[in-house]
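Only a predicted model underlies this, so the values are computations on that prediction, with no experimental measurement involved. We name chains A, B, ... by the order of the sequence lines, and we start the count at 1 in each one.
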2 protein chains.
Amino acid sequence: MTENPRTSAEPDPPGDRMPKKSELPGTASASVMASASVAKKGARQRRVTITDVGTAAGVSTSTVSRVLNGTARVDPELARRVQDAVAELGYRPNAAAQGLARGEAGAIGVLVPDLSNPYFPDVLKSVSAVARSNGRRVMVMESDEDATSEHELAEDLMRCCDGVLLCSPRMNRAELVDLSLRGHPVVLVNRIVPGLSLPSVSVDFYGGMTLVCGHLTQLGHRRVAYLSGPEASWANAERIRAFDAAAAFGVDVTVIPCGHTARHGYAAADAVRDSGVTAVVAYNDLVALGAVTALEESGLRVPEDMSVIGCDDISLDDLPSSRRLTTASLARDELGRQAAQTLEALMAANGDTEPRVIPMELRVRHTSAPPAVPAH
Amino acid sequence: MTENPRTSAEPDPPGDRMPKKSELPGTASASVMASASVAKKGARQRRVTITDVGTAAGVSTSTVSRVLNGTARVDPELARRVQDAVAELGYRPNAAAQGLARGEAGAIGVLVPDLSNPYFPDVLKSVSAVARSNGRRVMVMESDEDATSEHELAEDLMRCCDGVLLCSPRMNRAELVDLSLRGHPVVLVNRIVPGLSLPSVSVDFYGGMTLVCGHLTQLGHRRVAYLSGPEASWANAERIRAFDAAAAFGVDVTVIPCGHTARHGYAAADAVRDSGVTAVVAYNDLVALGAVTALEESGLRVPEDMSVIGCDDISLDDLPSSRRLTTASLARDELGRQAAQTLEALMAANGDTEPRVIPMELRVRHTSAPPAVPAH
DNA sequence: CTGTTAGCGCATTCAC
DNA sequence: GTGAATGCGCTAACAG
């Protein structure tokens, strides 16, 4: 034990200090803590309302509302009394009541298929940033890659949020149409459905995979495997579409059903070996790294014996790996930001946003190389 | 292109089918789609309310409410008419109004410091499972390891949720006390604050690290480094406390300030080398894997030259890595389940739950071995 | 500038 | 078993 004995355990010694004025309301009057202490947890006492505040401050509820929301000018003296009362009573506005009266919830919802993939938390961060800058909360829900529950979750979200971001939705077209008919702000992220009137922001996976194929071709690869992701994934379909097109350049792509996790990639390694390819492209970086692991465990060298290419470029920041994965990269923060902005515009009825597309770039790193036995 | 040409692109060919009856309400009447189509997105038309349904069905709003909530017996004929009207109109209850009237939001909130660590999504899954089984939504917020914003986010959550789960909160004791005084259901996950009246569910990190130290000792290690996590982390403090105690067994632990991500671990590798230890314990698996990567890149062999031990055991399921990390493991789903149940009990006023502790187990895998030059 | 009056959409007493 | 009336807590006209 050399350093920093244990100071980090309790940032503040017990009872050391009370919250600073700037942190908490309720420091204006000496009786604050006393009245707060009354709020024992046993007695589910009636929450303090705006009326209580008004009474305590000797003003009407409208005035309280005004100073709290800055809706209109209020006599400084009254404002002070209100704020004191708020602090004194520990008043917090009731979100449901505000929502009802204002006609909006003050929150946006985000539905994602899988939080375990660092990809989504990253997107979420920038979504949250713009949402908060607009004074809105963010409500996250995860469908766990389950297309069945997704529609219901989306409905839930729509019921309690002013707008919803559907990330990589797996639900079928009909369900999407159903949601789009609600007249509720919804934007699609990474899913483009022809004929659907929903704004969308998506990544150019087709372009990204085309770059990957080009890279592989120039390296001399001819036979390539693709570890396919979730069946209902639009992103997956786009990647496959790119491989289709690549056939014109002499690239023969074998699609191997796989999945979206490292575990899936790990399990698919045998099939990759057996397929006789010299390179494999994975649905995403997680799958790719899983595959690399299994491939190496089975005695193959990457990239000498087998090139492995990922997608999403999550490895750099989020994943620990001695393998610097060659991958298709995108600005996840930009994706999140544009999605949130599009939704914001929609909610402001400044809609009619045309489909936005985030480009991909090829990142050549250490898992791609010419094939051991060049084609021709 | 060998298989599965592109069928997965659109699960349903455009216009192929409408939602099945079991999936969606609104199929009862032939005019459903027609009326739904009226809901153009441009005209922010008034949402259909329970009154509209009542009118359409020729009953009072109370009756509508009754059939919708199953609150009381209703004439089957009327019930049918109500349900038809609901379907026809595409009625969805307004969450805010329900919340206001019922006096509860129908949701619980979960605050986590970092969604990018697979640890939290895992916990979230089981929290969601029990919440949903209780008919409650789950609202997730991320503080991004920022102790400053955490208190505010928690307040936000409390305002719109019936109960809140504070996971690994970084805020200081005073802020925690402030929240605990609100008389609002809150349970602490992975943070124990003496004298605080909040129920808690936490992992026995102390015990876990003690096992790790024992393992290392028996292997023959005497000089060990600890890559320390966030300063405000209780879990981090607990780990350090265990190292303190381990000193009695002749283990000399050097604490190296580090962080909570793989990148942090990667960056700290030099310091580990320089410290002259034969083994290093990381704040978590992410950090450990980052360290392994850097260590190996610098020419050291793991575990021959340096043992590396993690914490949380996320590598197995979530992380791709050719390194099977020796680590301290816990049942994350159990942690989430117990936390959610404790909160549920609190909300039902069946509170007074005593602190729950989730045990840790040692998982000896491939990154720990006897030191190259055994002590003595 | 401020107080009074109406709802927001729904659940829930009450009478019938 | 059903409808009418009341109120949840708050905001937004509306008068003053």
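- Taken from CG in A:Leu179 to CD in A:Glu150, the straight-line distance is 9.0 Å, to the nearest 0.5 Å.
- Residue contacts shown for B:Ser62 include a base, since a base heavy atom lies under 4.0 Å away.
- Evaluation of atom-type donor-acceptor distances gives no pair under 3.5 Å for the side chain of B:Arg102 against the base of C:dG9.
- The distance from atom CZ of B:Arg47 to atom P of C:dG7 is 21 Å, rounded to the nearest whole Å.
- Mapping A:Arg73 and A:Thr61 onto DNA chain C by nearest heavy atom places A:Arg73 closer to the 5' end of the strand.
- Each of A:Arg66 and A:Thr49 was assigned the nucleotide of DNA chain D with the nearest heavy atom; the assignment lying further toward the 5' end belongs to A:Thr49.
- Of the candidates D:dG3, C:dC10, D:dC10, D:dC10 carries the atom nearest the A:Pro93 side chain, counting heavy atoms from C-beta on.
- Nucleotide D:dT6 holds its P atom 19 Å from the CG atom of B:Leu100, rounded to whole Å.
- For A:Leu68 and D:dC10, the CG to P distance is 9 Å, given to the nearest whole Å.
- Here the side chains of B:Leu153 and A:Arg132 are in contact, with some heavy-atom distance below 4.5 Å.
- A:Val64 comes within 4.0 angstrom of no nucleic acid atom, judged by non-hydrogen atoms across all strands.
- Residues B:Gly58 and A:Thr51 both approach DNA chain D. Their nearest nucleotides, taken by heavy-atom distance, put B:Gly58 toward the 5′ side.
- Between the CD atom in A:Glu155 and the CG atom in A:Leu111 there is a gap of 12.0 Å [rounded to 0.5 Å].
- C:dC10 atom C1' lies 9 Å from atom CG of B:Asn69, rounded to whole Å.
- Taking atom CG on A:Asp75 and atom C1' on C:dG3, their separation rounds to 14 Å, with Å as the unit.
- Comparing D:dT2, C:dG3, D:dC10 by their nearest atom to the side chain of B:Thr63 picks out D:dT2.
- Here D:dT11 presents its C1' atom at 13 Å from CG of A:Asn94, a figure rounded to the nearest Å.
- One interatomic measurement links the two molecules: CD of B:Gln98 to P of D:dG9, which rounds to 17 Å at whole-angstrom precision.
- Counting non-hydrogen atoms under 4.0 angstrom, B:Ser65 reaches a base of the nucleic acid.
- Put simply, CD1 on A:Ile50 is 12 Å from P on C:dG3, counting in whole angstrom units.
- Rounding to the nearest 0.5 angstrom, the gap separating the CD atom in A:Glu88 from the CZ atom in A:Arg81 is 14.0 Å.
- Within the 4.5 Å cutoff, the side chain of A:Val67 has no heavy atoms near those of the A:Val86 side chain.
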